[in-house]
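See structure below.
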Amino acid sequence: MTTSAQPLSVAVIGAGMAGRAHAAGYHNVNTVFDAGLPPVRLAAIADANIALGEDAARRYGFEKALPNWEAVAEDPTIDAVSIVVGNDLHRPIAEALVAAGKHVLCEKPLAGTVEDARAMAELERRADVVTAVGYTFRRSPAIAAIRDHVLRDELGDLTLFGGRYWCDYATDPKGPLSWRFKGGPGSGALGDVGAHVIDTAEYIAGPITAVSGASLSTQIPERPLPLGAVVGHDAAPVSDEFGAVENEDTASFTARFESGLVGTFSVSRTAFGLPNGLSFDVLGVGGRAAFDQHRPAEYLFDGAQPDARPSGARQIIAGPNLPYFKGGYPMEAPGVGGGNAEMFTYQARSFLDQVAGVAEPLPSCATFADALRTMEIIQAVVESSRRGGTAVDVPPAV
């Protein structure tokens, strides 16, 4: 384990949309919370698209751009690495990095298949380095505050969780057939955005034990082939030739939690007009809370009141009384906003806290084992869909 007296050298593999968010997080990691981290060296960003990698390195202050991930694995001066590339590449890259003695923060979903995810969880079990997964929404001050309400029993026994992640990045049928549309059932909207809402549900309400009533569908069954590289969800030049979409655009299912709580879930990448629509409601016999990522600096809370007359949901504006906010925002005042950039910074800080072994770290990142569990839930949803919606048990949480 690296000690706090030693400098930390970090790299990011992948210079696309999420890779840049990781790079920005590392760039800002020593601007938040208390002293404790050593100096952070921004060593390299690796991407096969050299121009993209060079632009990301320039923007976020990294020393250089590298043409491939192997160059990162072979560099003995690099201590910690984010893997932010296509899901099928996660396993071989993680295996090479761990073998080289590097700490690894991998984007979700953990891998392209459950089999690869299990191999990565076993790799983590044997590894003598920090391994973590980027479930960024755990770092939302509002979501963390709602979790605290639940843990303090301020909602009473939970009765219902309703989670949604509705996005519109795939509504255009002329959008290019990128890697996101390849792979079997479960690797589309479920793996991409569903992983986040499933993890958020378990983070707040505990383990899911079974799923049922699952339905998967594809609204746009074929897409034009791209003529070049596709970055993130961006449009790109396409040819007149089309290819088949291999995974789902939308999915819905119900879940049973270990506590007996019932959950309803729906995810979509073809939800018109909703660019990043993660939202959920959690209800109990004594209160309720709700969150919408399109309004990330607030949440709704309704609990027991001494007088019934003013009862009703209250808008809680994020401020220094919420998790992560004090010490995490340059202007520590309610109402100054919040969003994904801050959450990626907090995530990077948590990861490096673990790596450096600081005295008072942020809450730890999710593990490979946690992310394997999410993929096992997704696999159960796919199986329920194949069986016409019948119930499918989820392996117990380890």
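Reckoned from all heavy atoms, side chains included, excluding hydrogens, waters and symmetry mates.
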Decide whether T77 and R41 meet the rule of one side-chain donor and one side-chain acceptor closer than 3.5 Å. yes
Hey, is CG on D157 packed in by over 12 heavy atoms from elsewhere, all under 6.0 Å? no
After noting the C-alpha distance and the side-chain angles of R118 and E122, does the key distance pass the salt bridge (Lys or Arg N to Asp or Glu O under 4.0 Å) rule? CA-CA 6 Å; R118 288 184 180 133; E122 177 60 23; over 6 Å; no
Atom CG of L352 and atom CD of Q347: how far apart are they, to the nearest 0.5 Å? 10.5 Å
Look up atom CZ in R164 and atom OG1 in T264, then write down how far apart they are to the nearest 0.5 Å. 7.5 Å
On a heavy-atom basis, which atom in A214 and which in S384 lie closest, and how many Å separate them? N-OG, 3.3 Å
Quick one: sort the F351 and Y26 rings into parallel, tilted or perpendicular, breaks at 30° and 60°. tilted
Would you say the side-chain atoms of S212 and T254 include a donor-acceptor pair closer than 3.5 Å? yes
Are V85 and I78 linked, directly or through other ILVMFWY residues, by side chains that come within less than 4.5 angstrom of each other? yes
Would you say H22 and E107 are linked by a side-chain donor-acceptor pair, where the criterion is simply a distance under 3.5 Å? yes
Compare every heavy atom of L158 with every heavy atom of A205, then report the nearest pair and how far apart it is. CB-CD1, 4.0 Å
Aromatic ring proximity, centroids under 6.0 angstrom, F291 and Y299: no
T209 and E258: side-chain donor and acceptor closer than 3.5 Å? no
Rounded to the nearest 0.5 Å, what's the gap from CD1 on I146 to CD1 on I316? Could you check? 9.5 Å
Check ion pair R349-D34 (N to O, under 4.0 angstrom): no
Is the gap between the ring centers of F161 and F280 under 6.0 Å? yes
In terms of hydrophobic clustering (I, L, V, M, F, W, Y; side-chain heavy atoms under 4.5 Å; direct or indirect links), are W69 and F368 co-clustered? yes
Please check if V40 and F62 belong to a single hydrophobic cluster, counting links between Ile, Leu, Val, Met, Phe, Trp and Tyr side chain heavy atoms closer than 4.5 Å. yes
When you check the side-chain N and O atoms of D55 and Y60, is any donor under 3.5 Å from an acceptor? no
Once you round to the nearest 0.5 Å, how far does CG of L274 lie from CD of Q293? 12.5 Å
Aromatic ring centroids of Y135 and Y203 under 6.0 Å? no
Which distance, rounded to the nearest 0.5 Å, do you find between the OG1 of T113 and the CZ of R91? 7.5 Å
Can you confirm whether R295 is buried at CZ, in the sense that more than 12 heavy atoms of other residues, nucleotides or ligands lie under 6.0 Å from that atom? no
Would you say T218 and E248 are linked by a side-chain donor-acceptor pair, where the criterion is simply a distance under 3.5 Å? no
One should read off an interatomic distance between D353 CG and F33 CZ, to the nearest 0.5 angstrom, of 9.0 Å
Side chains of T31 and N28, donor plus acceptor under 3.5 Å: no
So if I apply the side chain to side chain donor-acceptor pair (under 3.5 Å) rule between Y169 and each of D192, T270, N276, which one comes out positive? D192
Using a cut-off of 6.0 Å, state whether more than 12 heavy atoms not belonging to Q315 lie near its atom CD. yes
Under a single-linkage definition using a 4.5 Å side-chain heavy-atom cutoff for Ile, Leu, Val, Met, Phe, Trp and Tyr, are L216 and V211 assigned to the same hydrophobic cluster? yes
Pairing donors with acceptors under 3.5 angstrom, does anything connect the side chains of D199 and T374? no
Any luck finding a side-chain donor-acceptor pair between S217 and Q219 under 3.5 Å? yes
Using the ring of each side chain (for Trp, its six-membered ring), is H196 parallel, tilted or perpendicular to F137, with breaks at 30° and 60°? perpendicular
Tell me whether V72 shares a hydrophobic cluster with L123, the cluster being built from Ile, Leu, Val, Met, Phe, Trp, Tyr side chains joined at under 4.5 Å. yes
Test: E376 and R373 ion pair at under 4.0 Å: no
E54/R58 ion pair, N-O < 4.0 Å: no
Does a donor on one side chain sit under 3.5 Å from an acceptor on the other, for R180 and N87? no
Ring centers of F344, H27 separated by less than 6.0 Å: no
Evaluate the criterion salt bridge (Lys or Arg N to Asp or Glu O under 4.0 Å) for residue pair D75 and K102; output intermediate values, then yes/no. CA-CA 10 Å; D75 186 337; K102 303 186 190 305; 5.8 Å; no
Intermediate values then yes/no, side chain to side chain donor-acceptor pair (under 3.5 Å), T171 and D168: CA-CA 5 Å; T171 52; D168 64 0; 5.4 Å; no
